[in-house]
Amino acid sequence: MSLLAGCGEPAPEESSAPDTNQAVMEDAQWADEAEALVDSPAAVSPLLLPEASGTAVEANQRAEIDYSNLKDGYVMAQFTGQTSTRLKVQVAGPTTTYTYDLPVQGWATFPLSDGNGDYSVTVFENTSGTKYATVLTASFPVALEDEFAPFLRPNQYVNYQGAENTIAQAAELTQGLSDPLEKVGKVYDYVVETLRYDKEKAASVKSGYLPVLDEVLAEKKGICFDYAALMAGMLRSQGVPCKLVVGYAGSAYHAWISVWTEETGWVDGVIFFDGTTWQRMDPTFASSGNSSESIMEYIGDGSNYTAKYLY
């Protein structure tokens, strides 16, 4: 894996094998549920956390796939057998296939980022080299309750579950606000004014890296992946649908966010208010000290941005 300039996140290998678009799910105990008294666009519980409900399950002696909550935009899997080899989960949607690492113990959550349509989820176990054997597969049609359902809950890339400081900071920043765009503005301003771009981390980050939001918040620095994940986690915890987008800004492998409101629909690229209208903006470039003029000249109408994966 080579590092591309401009972000510092490794680009995923392009192949149909289970090791495409690698993601590592940390096997950790999640903390108790935090409280955030805000309104959600889906008109449901403000802090939306995934659960393996057990009402629709495919299982064998070695693995389980829980697809009880398809309308809410996610599926869960866990490996229940014994192994010392690498495990993966592949989520194949109508147009895109995502492949993730799977921890040996505990449930992992995967967003149904492709929206409505037919999906298959497969658990793989490494046999030798880059070869994997199928452990379990489940197939099902998905009809989301809302188009933004996959982009409200925690997952490996935007894991705000148990990130108590991140949730508390988001609640403090948006206290008394009900307008989603005002929340976006507060969170955006905080992140770009507080974080600085970590060039050393960008030069050394390994494939499979995933941000730990409370650590990013405490260290006040990071790469584009950290910026995007922190903003997305804060906004989701406040009921604002937010996609973490991984793709290319020009030739640089990059991560940014897209937010949704009733007034605007999906706004691609993180946005800012220029005093008159909401504009496309990239938090990494903004925090790196670039002027809004130079950023907008680079970003333009967004044609330099090419999305590959949504989380």
Spatial distance of atom OH (Tyr309) from atom OG1 (Thr96) [nearest 0.5 Å]: 8.0 Å

Ile257 side chain reached by Val245 side chain, heavy atoms, under 4.5 Å: no

From Arg153 atom CZ to Gln161 atom CD, the distance as rounded to the nearest 0.5 Å: 11.0 Å

Minimum side-chain heavy-atom gap Val205-Ile223 below 4.5 Å: yes

Listed once per pair and sorted, the salt bridge (Lys or Arg N to Asp or Glu O under 4.0 Å) pairs that draw on residues 114-123, sequence neighbours left out: none

Backbone of Tyr160 reached by a side-chain donor or acceptor of Thr166 within 3.5 Å: no

Heavy-atom donor-acceptor pair, Thr134 side chain to Leu136 backbone, under 3.5 Å: no

Which atom of Pro103 lies closest to which atom of Phe79, heavy atoms considered: O-CB, 4.2 Å

Donor-acceptor under 3.5 Å (Arg236 side chain, Cys242 main chain): yes

Reported CD-to-CD distance for the pair Glu215 and Glu219, which is rounded to 0.5 angstrom: 6.0 Å

Side chain to side chain donor-acceptor pair (under 3.5 Å) between Ser120 and Ser139, worked out: CA-CA 4 Å; Ser120 66; Ser139 299; 4.8 Å; no

Criterion side-chain contact (heavy atoms from CB on, under 4.5 Å) against Leu235, the qualifying member of Thr174, Val240, Val158, Leu230: Val240

Close side-chain approach of Ser237 and Leu47, heavy atoms under 4.5 Å: yes

Closest approach of Leu49 to Pro154 (non-hydrogen atoms, all atoms of both residues): CD2-CG, 3.8 Å

Among Pro150, Pro50, Pro111, side-chain contact (heavy atoms from CB on, under 4.5 Å) partner for Asn155: Pro111

Salt bridge (Lys or Arg N to Asp or Glu O under 4.0 Å) between Asp226 and Lys221, worked out: CA-CA 8 Å; Asp226 297 316; Lys221 61 182 180 179; over 6 Å; no

Close side-chain approach of Asn165 and Gln169, heavy atoms under 4.5 Å: no

Closest contact, heavy atoms only, Pro211 versus Val216: CB-CG2, 4.3 Å

Side chain to side chain, Trp256 and Leu244, heavy atoms closer than 4.5 Å: no

Check: Arg86 and Tyr132 side chains under 4.5 Å, non-hydrogen atoms: yes

Distance in Å, Leu173 CG paired with Asp189 CG, rounded so as to fall on 0.5 Å steps: 9.5 Å

Geometric cation-pi criterion Lys88 and Phe124, 6.0 Å radius, 45° cone: no

Side-chain donor/acceptor of Tyr98 to backbone N/O of Ser113, under 3.5 Å: no

Straight-line distance of Glu172 CD to Met234 CE, nearest 0.5 Å: 9.5 Å

Taking every non-hydrogen atom, the tightest pair across Lys308 and Tyr248: CD-CE1, 3.3 Å

Stepwise side-chain contact (heavy atoms from CB on, under 4.5 Å) test for Val89 and Val121: CA-CA 7 Å; Val89 166; Val121 176; 3.8 Å; yes

Donor + acceptor pair across side chains of Ser53, Asp66 (<3.5 Å): no

Minimal non-hydrogen separation, Leu70 against Pro141, with atom names: CD1-O, 3.6 Å

Thr80 OG1 to Asn60 CG distance, which is reported to the nearest 0.5 Å: 6.5 Å

Salt-bridge criterion met for Lys71 and Asp146 (N-O under 4.0 Å): no

For Ala138, all residues meeting side chain to side chain contact (heavy atoms under 4.5 Å, CB included), sequence neighbours excluded: Glu58, Ile65, Tyr67, Phe140

Side-chain donor-acceptor contact under 3.5 Å, Thr55 with Ser68: yes

Asp72 and Glu145, any side-chain heavy atoms less than 4.5 Å apart: yes

Criterion ring pair (Phe, Tyr, Trp, His ring centres under 6.0 Å) on Phe110 and Tyr100, from CA distance to verdict: CA-CA 9 Å; Phe110 309 102; Tyr100 305 85; 5.0 Å; yes

Side chains of Asn126 and Leu87 in contact at under 4.5 Å (non-hydrogen atoms): no

Trace of the side-chain contact (heavy atoms from CB on, under 4.5 Å) decision for Leu112 with Val75: CA-CA 7 Å; Leu112 301 171; Val75 63; 4.1 Å; yes

Trace of the ring pair (Phe, Tyr, Trp, His ring centres under 6.0 Å) decision for Phe151 with Tyr311: CA-CA 7 Å; Phe151 308 110; Tyr311 299 96; 9.4 Å; no

Verdict with supporting geometry, Lys201 and Tyr209, side-chain contact (heavy atoms from CB on, under 4.5 Å): CA-CA 11 Å; Lys201 185 175 184 179; Tyr209 168 76; 2.6 Å; yes

Within residues 125-142 or reaching into it, pairs that qualify as salt bridge (Lys or Arg N to Asp or Glu O under 4.0 Å) - sequence neighbours excluded: Arg62-Glu125

